[in-house]
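Just so we're clear, the structure is a prediction, and the values are computed from it rather than from any experiment. Values below: every heavy atom of this structure, side chains too, minus hydrogens, waters and symmetry copies.
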Amino acid sequence: MYVSKHHQLTNREAVFALMESHPLGAWVCQARGALVANHVPFLLDRSRGAFGTLIGHVSRANGVWRELSSDASSLVMFQGPQAYITPRWYPGKKEHGMVVPTWNYAVAHAHGVARAVEERGWLLDMLNRLTDAHEVGQQAPWRLSDAPASYVDKLLGAIVGIEIPIERLEGKLKASQDEAMQDRRGTVAALQQSPREEERVMANLVMKAIDAEPPSEH
């Protein structure tokens, strides 16, 4: 992924937070002599490895797990907030007109070698952890144990686990950092008024990027 110096997201905690808040990863790997893409809700295990380990599962009917090789790296892309930025929001449009549209976004790319896991205990632990992570905000969280044991056992036979120790982690935050300051503030003001929550989140990211800069650059 190309990342200019303005858009580098090097804070590991920020990259992890992006992955955990947008856990549906676009997983790309080599299989059958071609690139194969699948969309998988991954759980990030921060405690395993310098960059963490991704765990999830695919349907056993999805043959990708049979094609995994120990010498072929995978890429999992996590897409965070994104928004189209129109030059109509820029004061610079009226002053000199030398402005164009752009797109703001936050992404994380995790690289590593994927392996398939069929061991029942591992699968059961993964499903419990994945469920607990996503049910935590519910008023009455659903537990895997709420389903009949025989039903869960049947489902375990229909999935295969995927584990990816992260060997390299990249983060990118494109939040108007390379625009004129007055235009950046114009972007914040406009995005804050958007009816779309994602665009209001992007407004906060643009503002945080401004606040993070040394005072002399404001």
Practice prompt. Quick one: pull up CZ in Phe16 and CD1 in Ile166 and give me the separation to the nearest 0.5 Å.
Written response: 6.0 Å
Worksheet entry | Exercise: do Lys172 and Tyr2 side chains pair donor with acceptor under 3.5 Å | no
Worksheet item: Val201 and Val107: same hydrophobic cluster, using ILVMFWY side-chain contacts below 4.5 Å?
Response: no
Item to complete: Would you name the heavy atoms of Arg12 and Ala50 that are closest together and state the gap between them?
Response: NH1-O, 2.8 Å
Discussion item. List the residues meeting side-chain hydrogen bond (donor to acceptor under 3.5 Å, both in side chains) with Glu119, not counting sequence neighbours, and say none if there are none.
Written reply: none
Worksheet item: Is there side-chain contact between His22 and Pro81, with at least one heavy-atom pair below 4.5 Å?
Response: yes
Worksheet item: What distance do Met1 atom CE and His111 atom NE2 have between them, rounded to the nearest 0.5 Å?
Response: 7.0 Å
Practice prompt. Applying side-chain contact (heavy atoms from CB on, under 4.5 Å), run through Leu75 and His109 and close with a yes or a no.
Written response: CA-CA 7 Å; Leu75 166 64; His109 286 189; 3.7 Å; yes
Item to complete: Considering non-hydrogen atoms only, spot the tightest contact between Val64 and Cys29 and give its length.
Response: CG2-SG, 3.5 Å
Worksheet item: Are Leu124 and Val152 close enough, and set up right, to give a side-chain contact (heavy atoms from CB on, under 4.5 Å), and what steps lead you there?
Response: CA-CA 9 Å; Leu124 191 59; Val152 172; 4.1 Å; yes
Worksheet, complete the sentence: CD1 (Ile55) and CG (Leu123) are apart, to the nearest 0.5 Å, by 10.5 Å
Discussion item. Between Glu13 and Asn11 (side chain of the first, backbone of the second, donor and acceptor by atom type, cut-off under 3.5 Å), is there such a pair?
Written reply: no
Discussion item. Using the salt bridge (Lys or Arg N to Asp or Glu O under 4.0 Å) criterion, which residues pair with Glu198? Sequence neighbours excluded.
Written reply: Arg196
Worksheet, complete the sentence: Interatomic distance, CD@Glu135 vs CG@Leu144, rounded to 0.5 Å, equals 10.5 Å
Worksheet item: Can you tell me how far the CG atom of Asp178 sits from the OG1 atom of Thr102, to the nearest 0.5 Å?
Response: 7.0 Å
Fill in: Heavy-atom pair of closest approach, residues Pro87 and Val99
CB-CG2, 3.6 Å
Item to complete: Taking side-chain hydrogen bond (donor to acceptor under 3.5 Å, both in side chains) as the test, write out the residues that go with Ser176, two or more places apart.
Response: Asn104
Practice prompt. Examine distances only and state if a side-chain atom of Glu199 and a backbone atom of Ala83 form a donor-acceptor pair shorter than 3.5 Å.
Written response: no
Discussion item. When you compare the side chain of Pro23 with that of His134, does any pair of heavy atoms fall below 4.5 Å?
Written reply: yes
Worksheet item: Taking the side chain from Trp65 and the backbone from Arg60, do they hold a donor-acceptor pair closer than 3.5 Å?
Response: yes
Fill in: Test side-chain contact (heavy atoms from CB on, under 4.5 Å) applied to Trp89 and Leu191, step by step
CA-CA 9 Å; Trp89 299 339; Leu191 290 175; 3.6 Å; yes
Item to complete: Indicate if Tyr84 and Leu205 have the same hydrophobic cluster label, given that clusters are the connected sets of ILVMFWY residues with side-chain heavy-atom separations under 4.5 angstrom.
Response: no
Practice prompt. Considering non-hydrogen atoms only, spot the tightest contact between Met126 and Gly56 and give its length.
Written response: CE-O, 3.8 Å
Practice prompt. Taking all non-hydrogen atoms of both residues into account, name the closest pair between His57 and Val40 and its distance.
Written response: O-CG1, 3.7 Å
Discussion item. Let me check something: do Phe42 and Val58 share a hydrophobic cluster, defined by ILVMFWY side-chain heavy atoms less than 4.5 Å apart, either directly or through other members?
Written reply: yes
Worksheet item: Taking atom CZ of Phe51 and atom CG of Leu44, what is their separation to the nearest 0.5 Å?
Response: 12.5 Å
Discussion item. Using a 6.0 Å cut-off, check whether atom CZ of Arg143 has over 12 heavy atoms from anything other than its own residue.
Written reply: yes
Worksheet item: Is it true that a side-chain atom of Arg200 and a backbone atom of Gln193 form a donor plus acceptor pair closer than 3.5 Å?
Response: no
Worksheet item: Who pairs with Arg120 by salt bridge (Lys or Arg N to Asp or Glu O under 4.0 Å), at least two apart in sequence or on another chain?
Response: Asp153
Fill in: Those residues that, when tested against Ser70, pass side-chain hydrogen bond (donor to acceptor under 3.5 Å, both in side chains) (two or more places apart)
none
Fill in: Cluster link Trp27 to Val36, ILVMFWY, side chain under 4.5 Å
yes
Worksheet item: What closest approach, in Å, do Val113 and Pro165 show between heavy atoms, and which atom pair accounts for it?
Response: O-CD, 3.5 Å
Fill in: salt_bridge(Arg168, Glu170) N-O dist < 4.0 Å
yes
Item to complete: Would you mind reporting whether Thr53 and Glu163 have side-chain heavy atoms less than 4.5 Å apart?
Response: yes
Fill in: Residue list, side-chain hydrogen bond (donor to acceptor under 3.5 Å, both in side chains) with Gln192, at least two apart or on another chain
none
Worksheet item: If you group Ile, Leu, Val, Met, Phe, Trp and Tyr by side-chain heavy-atom gaps below 4.5 Å, do Met181 and Ile85 land in one group?
Response: yes
Discussion item. Would Ile159 and Leu127 count as a side-chain contact (heavy atoms from CB on, under 4.5 Å) here? Give the steps.
Written reply: CA-CA 10 Å; Ile159 64 173; Leu127 290 178; 3.9 Å; yes
Practice prompt. Could you tell me whether Glu179 and Arg184 make a salt bridge, using a distance below 4.0 angstrom between a side-chain N and a carboxylate O?
Written response: no
